[in-house]
Amino acid sequence: MQRGTSPGPGRILGEVTLIMAAPMLGGVVAGLLVDAQAGTSPIFVLSGLVLGSLTSGIGIWLYVRVRRPRPPDTGPGHQP
């Protein structure tokens, strides 16, 4: 998809859900595996959730930054 085009609401919802759910779920699953190996509970699950949440936040920020409409260039040397 080209920059500046507007996808439908279903596509946006799907992309945002994937951007948010994948890192959080991955962090929790990794935390569960590490907790099982280390014999601890729930420190690595919570750590994975926090790291996944941070990653999701950065991903959403980048997604919005790319999708944000840009004003037309009106600087010097601009030709309409």
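Sequential numbering from 1 along the given sequence is applied to the chain's residues.
Distance CG/Leu18 to CG/Leu13: 11.0 Å, rounded to 0.5 Å. Rounding to the nearest 0.5 Å places CG of Leu25 at 10.5 Å from CG of Leu49.
Within the 4.5 Å cutoff, no side-chain heavy atoms of Ser53 are placed close to those of Met20. Inter-residue side-chain proximity for Ile58 and Tyr63 is flagged as unmet; no heavy-atom pair is nearer than 4.5 Å.
In plain terms, the two heavy atoms of Ile19 and Ser56 that are nearest each other are O-OG, 3.6 Å.
Residue Ile12 is grouped with residue Val64 when hydrophobic side chains (ILVMFWY) are merged at heavy-atom distances under 4.5 angstrom, including chains of intermediate members. Placement of Met24 and Val45 within a single hydrophobic cluster is found when ILVMFWY residues are connected by side-chain heavy-atom separations under 4.5 Å, directly or transitively. No single ILVMFWY cluster, assembled from side-chain heavy atoms under 4.5 Å apart, contains both Leu32 and Val34.
For the 3.5 Å distance criterion, the side chains of Asp35 and Thr40 qualify, holding a donor opposite an acceptor.
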